[in-house]
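Written out below as structure tokens is the structure these notes cover.
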Amino acid sequence: MTRQEFLARIRGEMRKTSGLFAASVAERPAHPQRIADTLRRELSERWPETLEVFRREFERVGGIFYRVPSLAEVPEVVGALARERGARRVIAWHPSALRADLSGPLMAQDLETHLMPPGGLPEAERHGLRAHIAEADLGLTGVDLAVAETGTLVLVSGAGRPRSTALLPPYHVAVFDRTALVESLQQLGVVLESWHEGQPPVGRGGAIHFITGPSRTADIELTLTRGVHGPKEVHAIFVDAPFVG
Amino acid sequence: MSFRQRAASALNDASLQEALTIATTKFIELRREAFDGFPQGERLRDRARQIKEATLQQLDHYVERLVDNVERLGGHAHYAVTAEEARDIVLEIAKRGGARMAVKTKSMATEEIELNEALTRAGITPVETDLGEYIIQLAHEKPSHIIAPAIHKTKGQVAQLFARELKREVAADAEVLTRIARAELRDKFLRAEVGITGANFAVADTGTVVLVTNEGNGRMVTSLPRVHIAVMGVEKVVPSMTDLMIFLAILAKSATGQKLSVYTTLVQGPRRPGELEGPDEFHLVLLDNGRITQLAGPLREALSCLRCGACLNVCPVYRQIGGHAYGYTYPGPIGILLTAMLHGQESVKELAHASSLCGACADACPVRIDIPRMLIELRQGGVESKTAPWAERVVFKTLGRLLTRPALYRLSARLARLFQRPFVRDGVIRRLPLFFGHWTRTRDLPPVAAPTFSERWAELERES
Ligand code: SF4
């Protein structure tokens with residue numbers, strides 16, 4: 001059936017009914033970009049409370065939270081948690097996506113670190129790289145947004161930030177600063193509207209992932225089990241000093 | 001087997017009874033806790049229902065907008081009026097993509113169109129990757145719950161199943177069993193040429209298809225195979241990202257008591273330039289299959305369903321007989337309505353009576369769908385065509401008369417309180433005498449309250 005026929009079919013039925021009751025859709029912000037900017041300004045003042053809520057909710061869903069003064073401490077934290085878990089092979093977002101090049105210091109932590117390429121690759125190489133990601137123990141990523149209300153990390157796929165970095169390895173470690181924080185799902189909605197309104201950031205890909213804790217299932221006798229297909233642990237490292245990037 | 005026989009055998013299955021009680025009780029508790037800690041929940045439920053209704057009132061507009069945006073992003077839209085058309089569309093895309101294996105996320109829409117059977121016939125191996133679905137696929141069964149397809153199975157049964165199908169001895173331990181499934185499926189994610197999903201929502205404004213999962217299989221299926229096909233009931237479109245957030249805020253709370261499910265995946269077309277992963281092709285199959293005529297039909301309200309499963313958990317009938325006894329893809333109170341939608345009202349003439357009309361489903365429903373009202377209408381269809389047992393016809397006719405005559409209703413409530421005394425045990429009526437016995441065989445009946453709601457109401461009015 002063609003699009004026109006299908007729509008005509010819907011219209012035909014719609015004509016026969018006046019609906020159940022008068023109803024309206026949610027009011028979309030008229031200038032999401034502007035509201036998002038105002039929000040950012042407000043949050044740049046009250047971020048410590050937002051961070052506290054984020055930490056509480058993130059831990060409630062099974063996440064492991066760290067806070068460090070600057071990016072320089074991140075490799076140590078990653079090194080320590082990796083050693084405890086016997087993880088050695090690390091894959092990381094490209095420095096342009098992570099807004100920092102941590103490969104040197106991570107290597108110094110005795111982690112075999114592989115940086116993702118900044119852009120696309122030919123088919124054969126893409127597959128080779130994927131096999132490599134599939135064998136890694138730990139995926140290191142940035143965070144586009146951190147939602148306090150639900151303890152959620154939002155990651156947008158794109159160049160230098162392959163989707164499987166935070167999916168295939170058993171441990172996912174995400175690094176973020178105060179600029180990523182929003183308070184609620186409603187605010188997340190505003191930011192998503194603003195991305196849609198404006199030009200999406202260059203090099204962003206076709207998928208946005210909200211990640212709320214480690215992969216889990218309760219499909220066998222409702223027993224909570226972690227790490228079904230995705231990571232069994234999710235770590236979030238908050239860096240006090242905003243990244244320069 | 002008739003519904004009555006299936007229900008009777010479910011009632012005699014002790015392990016099923018235990019599994020059902022444990023699961024539904026847990027789900028009810030989790031849902032209650034989630035909403036207790038969420039004061040704005042009630043308001044958002046009203047908003048969500050409004051949005052659904054407003055979207056249905058302009059469905060042509062939103063579907064058109066959705067399709068425009070999907071295509072703008074480089075995806076393809078397809079239109080299926082029947083289940084068969086939907087299957088053909090999916091098969092055609094899969095074959096063109098040279099598929100030999102298709103990995104799937106849990107999707108009631110693909111269950112509904114019996115896609116797996118069609119794929120298998122076409123030489124393409126469908127692999128269910130949601131753990132619960134994987135289990136029932138190995139067992140050659142159908143899901144028994146909308147969101148927890150294998151809740152009718154004990155871990156012992158799953159271990160035996162894995163031993164038989166995967167040829168390996170395993171301990172009956174949820175953790176161990178999950179690890180085995182992870183390893184089995186990991187390889188398939190990396191090999192499959194095609195990924196098939198349903199969709200929880202699709203955002204018209206942005207052309208975004210939204211998948212909600214806990215395990216991460218949704219992310220795998222939309223990131224790794226070369227082709228992604230999403231099959232979605234046409235009523236799942238929502239206008240904007242702002243609307244989407246309202247639904248997300250109540251969906252997981254109603255389903256599993258989580259604030260959000262672990263993974264919410266927003267798919268915006270195929271892989272983009274510079275991206276390393278993601279499908280080359282993205283296809284959205286919009287499915288009618290009985291939905292569109294209901295825009296003007298008696299089941300219109302059921303088009304607002306989010307498939308959260310809350311109404312199943314609270315239903316006294318579902319809790320007793322489980323999902324399989326219903327005999328169709330969609331079980332539980334909403335399942336009866338959806339079955340009528342998909343297969344016609346004739347198909348549910350027995351099922352329409354598999355409800356005590358206690359109203360628990362409507363209370364639990366995040367979008368406040370008045371399921372009992374529609375069940376009564378379906379039964380009245382039965383009353384007209386005389387398919388319901390005569391005793392029940394008499395009861396419902398009488399009830400109809402009573403409900404429209406307040407004085408008579410109050411009097412009969414008082415009489416009922418007197419007559420019900422011998423039958424009430426632990427606050428419910430489990431067995432009625434004579435021919436009414438049929439009715440209580442699979443249902444508990446709440447006794448007439450003392451004082452009744454209308455007496456209480458009169459009292460409150462006097463007090464204020
Ligand atoms: S009818 Fe309501 S409660 Fe039942 S599955 Fe649909 S949305 Fe959930």
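Lettering of chains follows the sequences in order, A, B, ..., and the numbering in each one begins at 1.
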Residue pairs passing the salt bridge (charged side-chain N to carboxylate O under 4.0 Å, His left out) test where at least one lies in residues 203-213 of chain B, sequence neighbours excluded: A:Arg28-B:Asp205, B:Arg65-B:Asp205
Expected output: side-chain B:Glu215 to main-chain B:Leu131 donor-acceptor under 3.5 Å: yes
Atom of A:Ser215, atom of A:Gly230 and distance for their closest heavy-atom approach: OG-N, 3.3 Å
Most chain A-contacting option - heavy-atom pairs closer than 4.5 Å, from B:Thr55, B:Asp288, B:Leu244, B:Val158: B:Asp288
B:Ala80 portion near chain A, given a 4.5 angstrom heavy-atom threshold: backbone
Greater than 12 external heavy atoms within 6.0 Å of B:Glu18's CD: no
Part of A:Ala97 lying under 4.5 Å from any heavy atom of chain B: neither
A:Thr152 versus chain B, the contacting section by heavy-atom distance below 4.5 Å: side chain
Nearest-0.5 Å distance that lies between atom OG in B:Ser240 and atom CD1 in B:Ile246: 8.0 Å
For chain A, the option from B:Ile22, B:Leu59, B:Val267, B:Val203 that forms the most heavy-atom pairs under 4.5 Å: B:Leu59
Test item: A:Glu193 side-chain N/O and B:Thr242 main-chain N/O as donor-acceptor pair under 3.5 Å: yes
A:Val61 portion near chain B, given a 4.5 angstrom heavy-atom threshold: neither
Heavy-atom pairs under 4.5 Å with chain B, option from A:Ala26, A:Gly189, A:Gly160 with the top count: A:Ala26
More than 12 heavy atoms from other groups under 6.0 Å of CD on B:Gln157: yes
Options A:Val147, A:Val154, A:Leu192, A:Val190, ranked by heavy-atom pairs under 4.5 Å with chain B, top entry: A:Leu192
Neighbours of chain B found in residues 217-228 of chain A - heavy atoms under 4.5 Å: A:Thr217, A:Asp219, A:Ile220, A:Glu221, A:Leu222, A:Thr223, A:Thr225, A:Gly227, A:Val228
Salt bridge present between B:Arg368 and B:Asp46 (N-O < 4.0 angstrom): yes
Part of B:Asp68 within contact of chain A (heavy atom distance under 4.5 Å): both
Partner chain A: residue of B:Lys153, B:Met241, B:Arg186 with the largest heavy-atom pair count (under 4.5 Å): B:Arg186
When B:Pro279, B:Ala181, B:Gly132 are compared by non-hydrogen pairs under 4.5 Å with chain A, the top option: B:Gly132
Ion pair A:Arg3/B:Glu71, N-O distance below 4.0 Å: yes
Pair B:Gln50-B:Arg47, side-chain donor/acceptor within less than 3.5 Å: yes
Identified salt bridge (Lys or Arg N to Asp or Glu O under 4.0 Å) counterpart of A:Glu13 within the set A:Lys16, A:Arg9, A:Arg15, A:Arg11: A:Lys16
B:Glu277 versus A:Ser157, side-chain donor and acceptor atoms under 3.5 Å: no
Residues, nucleotides or ligands: over 12 heavy atoms within 6.0 Å of A:Arg34 CZ: no
Under 4.5 Å from a heavy atom of chain B, the part of A:Pro117 involved: side chain
Test: A:Arg56 and A:Glu52 ion pair at under 4.0 Å: no
Residue among A:Ala23, A:Pro29, A:Gly12 with most heavy-atom pairs under 4.5 Å to chain B: A:Ala23
Under 4.5 Å from a heavy atom of chain B, the part of A:Glu27 involved: backbone
Interface residue of largest heavy-atom contact number with chain B, from A:Leu129, A:Leu121, A:Leu188, A:Leu168, under 4.5 Å: A:Leu168
Among B:Lys259, B:Arg219, B:His61, B:His78, residue most engaged with chain A (heavy-atom pairs, under 4.5 Å): B:Arg219
Residue part contacting chain B, namely of A:Thr2, when any heavy atom lies under 4.5 Å: backbone
Chain B contact via A:Ala22 - side chain, backbone, both or neither, heavy atoms under 4.5 Å: backbone
Selection from A:Arg163, A:Met1, A:Arg60 maximising heavy-atom pairs under 4.5 Å formed with chain B: A:Arg163
B:Lys155 atom NZ: more than 12 heavy-atom contacts under 6.0 Å: no
Among B:Glu175, B:Glu64, B:Arg179, residue most engaged with chain A (heavy-atom pairs, under 4.5 Å): B:Glu64
